[in-house]
Amino acid sequence: MFLGVDGGGTKTAFCLVDRSGRVVARAQAASSYYFSHGIELVERVLKEGVDAVCAAAELTPVDIEYAFFGLPGYGEVAHDVPVLDATPRAVLGHDRYACDNDMVCGWSGSLGAVDGVNVISGTGSMTYGERLGRGVRVGGWSETFGDEGSAYWIAVRGLNAFSRMSDGRLPEGPLAGVFRRRLDLGSDLDVIDVVHNRWQGDRGRIAALSRSVAESAALGDETAAAILAEAGRELALLVDVTRARLEFGPDETVPVSYSGGTFGAAPVLEAFTTGLSSRFTGYELRHPLYEPVVGAALYAAKLAGTPLDRPALDALPGTSGAPASGEDEQ
């Protein structure tokens, strides 16, 4: 039994996968992004999720052969790494686990843990790729001055567009009405109270406004559409730099996939796809094989020295909810 844990800025997902590729149980807990709430948050969230997924499977943590914990922010503060590495021990009661950044979950799930590049765009954004056993990360510099193309990045630009439309610095488009309804504003200036006072600048709640930007674009708002298109181009740039740093040759095919809710907005995926093809002709864009949390369990099996065999991989539920065979096509 292998445990996969995919942490994120909005939620933390847990799943147990057996050797046959059957997802035995799933659970979900709060965000494990600890920068705003203290590192003690991580143990609380992991305990809640591990207890829940084990209860659903009618197992105990000792029954888990190996676990992989993909944690947001892992590796970004050097003195926190030993604390994060030790935290699952208190939850599992054993040492059969490994920790790394949640970017590894997205890569392992989307590409089935083969050489190539995965770009993540959820609350934050970054890429992770591997080639010949070497991994490279690009992006993920935090919402304050990075995370280009992420849901948070899109939402902040949407809020900026709303403020400019309210002032008359931009012609008012559908975005203004969408934001007024979404935030239930009595007056436009109430947006400051909502975001800074009521939400206390909460990263996840702000990022969720990216859906309002996508809704506005679908209603014909040109500013919203431009924000989504720019997000796609930024994500393509992340991939291209990752390819160069991994030293893929000019004649090599580079598998690329994607994970994260931002890609649910069609204009983002379209601009990303166009941006890739304009940078390098050797990209092979693949539909994600598995969810990141399933990828985490897949990686746990690999780290245990017992990777799942082909029949098990074919049995794993793919991102469409069906077995993943053949889903690596463009």
Side-chain angles (χ1 to χ4, degrees), residues 2-16 25-57 59-64 66-106 120 122-126 128 137 139-147 150-152 155 195-208 260-261 292-293 295-297 299-300 303:
F2 303 103
L3 171 66
V5 179
D6 175 39
T10 306
K11 67 182 187 303
T12 302
F14 300 74
C15 79
L16 285 166
R26 294 175 180 265
Q28 187 171 300
S31 167
S32 45
Y33 184 79
Y34 67 93
F35 287 171
S36 302
H37 304 285
I39 201 166
E40 300 81 9
L41 168 76
V42 179
E43 182 173 344
R44 294 197 301 271
V45 170
L46 295 187
K47 178 169 175 49
E48 177 189 343
V50 169
D51 286 351
V53 78
C54 285
L59 300 172
T60 66
V62 75
D63 297 311
I64 297 168
Y66 208 86
F68 177 73
F69 294 84
L71 303 174
Y74 183 96
E76 294 168 11
V77 180
H79 65 259
D80 285 350
V81 170
V83 178
L84 295 173
D85 281 338
T87 295
R89 186 178 300 114
V91 176
L92 295 174
H94 60 75
D95 292 325
R96 299 188 302 275
Y97 68 85
C99 299
D100 207 324
N101 195 280
D102 60 305
M103 64 189 180
V104 178
C105 304
I120 305 163
T123 305
S125 69
M126 65 174 70
Y128 178 74
R137 161 187 169 157
W141 289 93
S142 86
E143 68 275 13
T144 307
F145 53 88
D147 285 355
S150 69
Y152 188 97
V195 174
H196 291 291
N197 184 28
R198 298 184 215 170
W199 291 359
Q200 293 290 297
D202 182 84
R203 184 170 177 258
R205 298 182 80 171
I206 293 172
V293 67
Y299 199 57
L303 293 175

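In this text, all values refer to a predicted model and were calculated from it rather than measured experimentally.
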Considering all heavy atoms, the nearest Ser31-Gly8 contact: OG-O, 2.9 Å
Asp100/Arg137 ion pair, N-O < 4.0 Å: no
Arg205: salt bridge (charged side-chain N to carboxylate O under 4.0 Å, His left out) partners, not counting sequence neighbours: none
Nearest heavy-atom neighbours spanning Gly4 and Ala296: CA-CB, 3.6 Å
Residue pair Met103 / Ile120: nearest heavy atoms and the distance that separates them: CA-CD1, 3.1 Å
Any donor-acceptor pair under 3.5 Å from Asn101 side chain to Tyr74 backbone: yes
Trp141, CH2: over 12 other non-hydrogen atoms inside 6.0 angstrom: no
Those residues that, when tested against Tyr299, pass side chain to side chain donor-acceptor pair (under 3.5 Å) (two or more places apart): none
Nearest atoms (heavy-atom pairs only) where Val293 meets Cys15: O-SG, 3.5 Å
With Leu3, the side-chain contact (heavy atoms from CB on, under 4.5 Å) member among Tyr97, Tyr66, Phe68, Phe69: Phe69
Minimum side-chain heavy-atom gap Phe35-Arg203 below 4.5 Å: no
Any side-chain heavy-atom pair of Leu46 and Pro88 under 4.5 Å: yes
Residues that Asp63 engages under side chain to side chain contact (heavy atoms under 4.5 Å, CB included), provided they are two or more places apart: Leu59, Thr60
Expected output: side-chain Thr12 to main-chain Gly7 donor-acceptor under 3.5 Å: no
Heavy-atom check, side chain of Tyr152 versus side chain of Asp147, under 4.5 Å: no
Over all atoms of both residues, closest heavy-atom pair of Ala56 and Ala25: CB-CB, 3.8 Å
